Amino acid sequence: MDYKKIDDKDIEFLVSVLDKERVFTGERIHNDFSHDELGKISKMPDVVVEVLTTNEVSKIMKYAYDHRIPVVARGSGTGLVGACVAIYGGIMINMSKMNKILELDEDNLALTVEPGVLLMEISKFVEEHDLFYPPDPGEKSATIAGNINTNAGGMRAVKYGVTRDYIRGLEIVLPDGKIIEVGGKVVKNSSGYSIKDLICGSEGTLGIVTKAILKLIPLPKKVISLLIPFTNLDMAINTVQKIVKSKVVPTAIEFMQREVILAAEEYLGKKFPDNSSDAYLLLTFDGNSTQEIENSYEKVADICLEEGALDVFITDTEERKEAVWSARGAFLEAVKASTTDMDECDVVVPRNKVAEFIKYTDELQKQFHVRIRSFGHAGDGNLHVYILKDDLTKTAWEEKLSKVFEAMYSKSRELKGLVSGEHGIGFAKKHYLLEQYGSDYLELMKNIKLSIDTKNILNPGKVCQ
Amino acid sequence: MDIFVCIKQVPGTSKVEVDPVTGVLKRDGIDSKMNPYDLFALETALRMKEQMGGIIKVISMGPPQAKDVIKEAYMMGADEGILVTDRKFAGADVLATSYTISQGVRKMGKFDLILCGKQTTDGDTAQVGPEMAEYLGIPHITNVISIIEIKEKSMIVEMDMPDTIEVAQIQFPCLLTVEKDIFQPRLPSYRKKIATKDREIKVLTLNDFEDKDEKKYGLNGSPTQVERIFPPAINNDRETWTGSGEQLSLKLTAKLKELKFI
Amino acid sequence: MGQLVCNQDKVNELNIEELIKVCPFGAIEYTDGKIEVNAGCKMCKLCVKKGPVGVMEFIETETKKVNKDLWKGISVYVDHVGGSIHPVTMELIGKARDLAAVVHFPVYCVFIGYHIKEKAEELLQYGVDEIFVYDYEELKDFRIEPYAAALEDFINKVKPSSLLIGATTLGRSLAPRVAARFRTGLTADCTILDMKENTDLVQIRPAFGGNIMAQIICSNTRPQLATVRYKVMNAPEKQFNSKGLITVCEIAKTKLKSNIEVLKVVKKKTEENISDAEVIIAVGRAFKSEKDMTMIEDLAELLHAQIAGTRPLVEAGLIHAKKQIGLSGRTVKPKLIITLGISGAVQFVAGMNNAEHIFAINQDERAPIFNVAHYGIVGDIYEIVPKLINDIKSSVIM
């Protein structure tokens, strides 16, 4: 693609819109801006700018459009597929300073925020007002616009759905600098194509979110988790279907295996309340009173015992939740700390296929002599599978990795699953998306992209390109 | 082994504030739970029972609602539960509380060991254990960080001291208070919850005690009085220092010294 | 003393809910048409002060009053293991002198151990009027029964008005045992102490995990016991012309029996887990090499600190993954944290912003770490840290 190289005049323009303090070039660009959390894909942008207003974003986009300069918008950089890496260089817009909570509308249960507000700030703020923003991705320091752009899922998806379900309206700067608003504070909307839903999960390729209206719900007063040990993963996963069928809806159904628990114990230097069994389910229930929650969890607990669970442990106080959930929260880092390098896939399969998929990764582990660890959201079929490098050489590892990935994604297709549950496609998973969808589907996506971004300057080379 | 574990019902959250104007304690609902430190004592007892056999009795003093923590202890594996409750115990400070529970223990007959948590999250005085030991005339060791060996008539434990660890052998009957993290407490079990649904909780009142002298219980048996409660001063100061390396280093050293870190 | 009485005739449908709600401990119950106060009552008397007017009443009853004139002096328990005196002792002597001055009391120390007479001489230099020494082989190691017996003997002989004990693990074991023996009050972990003219000790301590402060007195019994944490009070300067006395006390050996046998006393291993550390030096990506880390180790040793860091340092292999502070690492709550060359990304700050004292050194005055630091020091770590090491060293020698 033929883009204009950034020159002094461009920098001059950027400085005129912002000021010197907020335009970074050369040495002044922090290395972090060249990669995301996983760090596999790396490229330095030519210039990083810090924006504070929608207008600034608009001016920069207009200029970039007129001069055909590639632009990437970036939040906290916590992605895992290279979506925020400026693979064609150009301008990187750091959105993280647009981080104000603008309005809490308690009449409409809506929260208006700037794109750089962090997920953890949102939950803290609304909970102080007895309200609840349910999407709960693991990475709490991600920005809300980052979440919107990957349509992040998280633990509570079983009951509450994903980020897209909580976006009422957006303000977007289009690739040519125009500003539009989609959706609003309305609950229903049947007014034409839902551009809002297209933007959710577009990974920064269609427009830059500069404001978001989030849907809130009343805060459930109580949360209780159940930790349920099983003699093996099969039994645990098979029970999940029974739970789903029982029509009692937990907010989360997670599964975990002993190896990962042991890794977390080692990493945190703290014992997990129980590590005697091979496999566990971790279920969470919320509600407005202990009694209400007990009524629903007892039904589920009985099902688990019928299905052969060894016991059902109740996690009801701050300390107990901390003991269980701090380990759950540390799984990724613990697995990472246990090896030299790793790569992950976050496929999503229909819920009744979770067991089959996990069993398959276990086979792959043996077949390729490589360590594979997984844990994840059994309740929504979204699996996080990590392939560990350990003491393999770089070449051997990369070779194995591509074979294992190929095998896993083809299994996922066979099970009618999809490439990504919540991490997105970005740059790293493009190939697998193509394999999944085929050329017709991809063509359609490309056409949508180019009809909005006619000069293909906004985060080019990602998702479908 | 016959083991008593002392447990207490405390507020479900430690986020307690005092209204600076009215001086009223603001409490978030009436949610309550077992004192988290007691979980370590109970877990210690359960592990000892697994090793040595025996029976675990939990004892709690409090209002009738404190039965909930005894049920919780049943869900973790305690065998028997005793609630010491009487309106004559109202307003008890540490001394009166210790005396009351020790009377309850006496009433229940012989024992080998009493285990207590290090302290509670609401009072955090860490006194009830040693004071009970005094009233029961048995030796005690506080801040036990590990159990080395359990014998027939004694046990060997490690006690956390200011800069050292004391390894000591203590004869039964005795009282130990255990440190946080001596063992990771197990979670309450749903199976046990069902199994102990109808298990009795023994209730003891002043009339059941050997010593029925009302002057030793509740407010009348409490030598300390709370004159007032108030919110703590919060350190919200923010200072920025600039200057030469020498100046900054000296200023920092002085501050660290003032704060007693040097 | 007294009791809470409910004037049942003043209870009506309008005020009953208000009454039940006013009790922060849920101790007021309405059963069978009657208001009852249950065992949850803490006698805070809020129901009297803030409840519906006239419903709850506190009726004073006659209590036996102690003769305060018989109890004189402020005494300090000398906290030590094997004769090495814990510095909290000197801090308590300092406070005892302040308190004693209000009511013109002498300051005493009680020193219980074995082969400790010489150590007692040193203590006199802090301005103690008299030190009572119990020196017996049975008192070599800390065992509760003989130590409590010696302290009991001291109280009976000297009759101190107040007894201050360090809130060390040892003090917190001994003080309640003795308080119960004398059926007197003990206030644990006091942070502020003051003296009333009538010799009542005003004791202020944090409760509910430090969320509230409580002011406590013990006006009807003596002695008054208080434990105080280390590093709360100020130790006095040593004086060279000490006029104090040393009195060696005798106690019957039969009182020194114990059912505890101390097998050994070992030095504590340094705590490795940063989550429990009291002092932390946290380093950021400004540090580039192993050599830099040596400098940090020197500083950490001087401050008895553990070294922790940010994620880039873990990735660079300079610190272990278990030493990472932040959302994806550990959460720490030390008394002191000094961050060096850390900009203060939210991931990091969320793991440490509950530290009691936060010092941050960073060159960039706009670094977000300065928003959370109590003391923000704008400067170059490579310039400041070596100087700091020297300054601390020389200040320790002084």
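Sequence lines set the chain letters: A, B, ... in the order given, protein chains first and strands last, and positions in each chain run from 1. Worth knowing before you read on, the calculation uses all heavy atoms, side chains too, and leaves out hydrogens, waters and symmetry mates. None of these values were measured; they are calculated from a predicted model.
- In this structure a side-chain-to-backbone donor-acceptor pair under 3.5 Å is missing from Arg228(B) to Ala214(C).
- In terms of heavy atoms, Ser173(C) sits closest to Pro130(B) at O-CB, 3.8 Å.
- When each of Val94(B), Ile156(B), Val10(B), Leu248(B) is scored by its heavy-atom pairs under 4.5 Å with chain C, the top score falls to Leu248(B).
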May I have the step-by-step check of side chain to side chain contact (heavy atoms under 4.5 Å, CB included) for Leu256(B) and Leu303(C), ending in yes or no? CA-CA 9 Å; Leu256(B) 290 173; Leu303(C) 292 169; 4.2 Å; yes

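- Per-residue heavy-atom pair counts under 4.5 Å with chain C were compared for Lys88(B), Glu239(B), Gln171(B), Lys251(B), and the maximum is reached by Glu239(B).
- The shortest side-chain heavy-atom distance between Thr240(B) and Tyr375(C) does not fall under the 4.5 Å cut-off.
- Contacts of Ile165(B) with chain C are made by both backbone and side-chain atoms, with heavy-atom separations under 4.5 Å.
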Before you tell me yes or no, could you show the steps for Glu258(B) and Lys231(C) under salt bridge (charged side-chain N to carboxylate O under 4.0 Å, His left out), namely the whole-Å CA-CA distance, both residues' side-chain angles and the distance that decides it to 0.1 Å? CA-CA 10 Å; Glu258(B) 182 193 322; Lys231(C) 292 183 177 175; over 6 Å; no

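- Annotation: side chain of Leu170(C) is not in contact with side chain of Thr142(B) (no heavy-atom distance under 4.5 Å).
- Interface summary for chain B: among Lys49(C), Glu278(C), Arg143(C), Lys196(C), the most heavy-atom pairs under 4.5 angstrom belong to Lys196(C).
- For the residue pair Thr224(B) and Gly185(C), the shortest heavy atom distance occurs at CG2-CA, 3.6 Å.
- The aromatic rings of Phe261(B) and His357(C) sit perpendicular, their planes meeting at an angle over 60°, well past the 30° parallel limit.
- Proximity to chain C is limited to the backbone of Asp86(B), based on heavy atoms less than 4.5 angstrom apart.
- The contact between Val226(B) and chain C is made by backbone and side chain atoms together, counting heavy-atom distances below 4.5 Å.
- Atoms CG and OG, on Leu186(C) and Ser98(B) in that order, are 9.5 Å from each other to the nearest 0.5 Å.
- Between Met213(C) and Pro231(B), every side-chain heavy-atom pair lies at or beyond the 4.5 Å cut-off.
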Before giving the answer on side chain to side chain contact (heavy atoms under 4.5 Å, CB included), spell out for Leu4(C) and Leu219(B) the whole-Å C-alpha distance, their side-chain angles and the decisive distance to 0.1 Å. CA-CA 10 Å; Leu4(C) 282 175; Leu219(B) 185 68; over 6 Å; no

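- Nearest approach of Leu95(B) to Thr184(C), heavy atoms of both residues: CD1-O, 3.7 Å.
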Checking side chain to side chain contact (heavy atoms under 4.5 Å, CB included) for the pair Glu131(B)/Arg177(C): CA distance, chi angles, key distance, verdict? CA-CA 5 Å; Glu131(B) 295 202 346; Arg177(C) 184 101 198 184; over 6 Å; no

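- The pair Glu246(B)-Lys387(C) meets the salt-bridge criterion, with a side-chain N (NZ, NE, NH1 or NH2) lying under 4.0 Å from an Asp/Glu carboxylate O.
- Using a 4.5 Å cut-off between heavy atoms, Lys335(C) contacts chain B through both its backbone and its side chain.
- Glu166(B) has no carboxylate O lying under 4.0 Å from a charged side-chain N of Lys267(C), or vice versa, which leaves the two without a salt bridge.
- Ranking Val232(C), Ile338(C), Ile361(C), Asn371(C) against chain B, the residue ahead of the rest is Asn371(C), based on heavy-atom pairs under 4.5 Å.
- The side-chain heavy atoms of Ile212(C) and Phe230(B), taken from C-beta on, include no pair separated by under 4.5 Å.
- In terms of heavy-atom pairs under 4.5 angstrom with chain C, the leader among Lys118(B), Glu227(B), Gln9(B) is Glu227(B).
- Most heavy-atom pairs under 4.5 Å with chain B, from the set Arg205(C), His304(C), Gln224(C), His86(C): that is Arg205(C).
- Both cation-pi conditions hold for Arg183(C) and Tyr99(B): the charged atom is under 6.0 angstrom from the six-membered ring centre and inside a 45 degree cone around its axis.
- Both the backbone and the side chain of Thr125(B) come within contact range of chain C, with heavy atoms under 4.5 Å apart.
- Between Lys268(C) and Met161(B), the shortest heavy-atom distance links the atoms NZ-O, 2.8 Å.
- Inspection of the Asp391(C) and Ser249(B) side chains reveals an N or O donor paired with an N or O acceptor under 3.5 Å.
- Between Val262(C) and Val167(B), the closest side-chain pair of non-hydrogen atoms is not below 4.5 Å.
- Counting only N and O atoms by type, the side chains of Gln127(B) and Arg172(C) include no donor and acceptor under 3.5 Å apart.
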Side chain to side chain contact (heavy atoms under 4.5 Å, CB included) evaluation trace for Gln65(B) with Glu29(C): CA-CA 11 Å; Gln65(B) 305 90 289; Glu29(C) 286 177 10; 3.6 Å; yes

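- Rounded to the nearest 0.5 angstrom, Ile229(B) CD1 and Ile204(C) CD1 are separated by 13.0 Å.
- A heavy-atom distance below 4.5 Å is not found between the side chains of Ile392(C) and Lys257(B).
- Of the N and O atoms on the side chains of Glu261(C) and Gln169(B), not one donor lies less than 3.5 Å from an acceptor on the other residue.
- Using a 4.5 Å cut-off between heavy atoms, Glu36(C) touches chain B through its side chain atoms alone.
- Most heavy-atom pairs under 4.5 Å with chain B: of the set Leu174(C), Asn234(C), Asp79(C), Asp141(C), this distinction falls to Asn234(C).
- Side chain to side chain, Ser219(C) and Gln225(B) meet the donor-acceptor criterion of an N or O pair below 3.5 Å.
- Side-chain contact check for Ile141(B) versus Ile260(C): some heavy-atom pair is nearer than 4.5 Å.
- In terms of heavy-atom pairs under 4.5 Å with chain B, the best-connected choice from Thr168(C), Val279(C), Ile377(C), Thr187(C) is Ile377(C).
- In this structure, chain C has a heavy atom under 4.5 Å from the side chain of Met159(B), while its backbone stays farther away.
- With a threshold of 4.5 angstrom between heavy atoms, Leu259(B) approaches chain C through side-chain atoms but not through N, CA, C or O.
- In this structure a side-chain-to-backbone donor-acceptor pair under 3.5 Å is missing from Thr164(B) to Val266(C).
- In this structure, the portion of Gln119(B) lying under 4.5 Å from any heavy atom of chain C is its side chain and not its backbone.
- The minimum heavy-atom distance between Val37(C) and Arg87(B), with the atom names listed, is O-CB, 3.0 Å.
- The two residues Lys260(B) and Met233(C) make their nearest non-hydrogen contact at CE-O, 3.0 Å.
- Of the listed residues (Asp380(C), Ile389(C), Val372(C)), the greatest number of heavy-atom pairs within a distance under 4.5 Å of chain B belongs to Val372(C).
- Contact of the Leu250(B) side chain with the Leu388(C) side chain is not registered, since no non-hydrogen atoms from C-beta on lie closer than 4.5 Å.
- Top candidate by heavy-atom pairs under 4.5 Å with chain C, chosen from Ile170(B), Thr253(B), Ile262(B), is Thr253(B).
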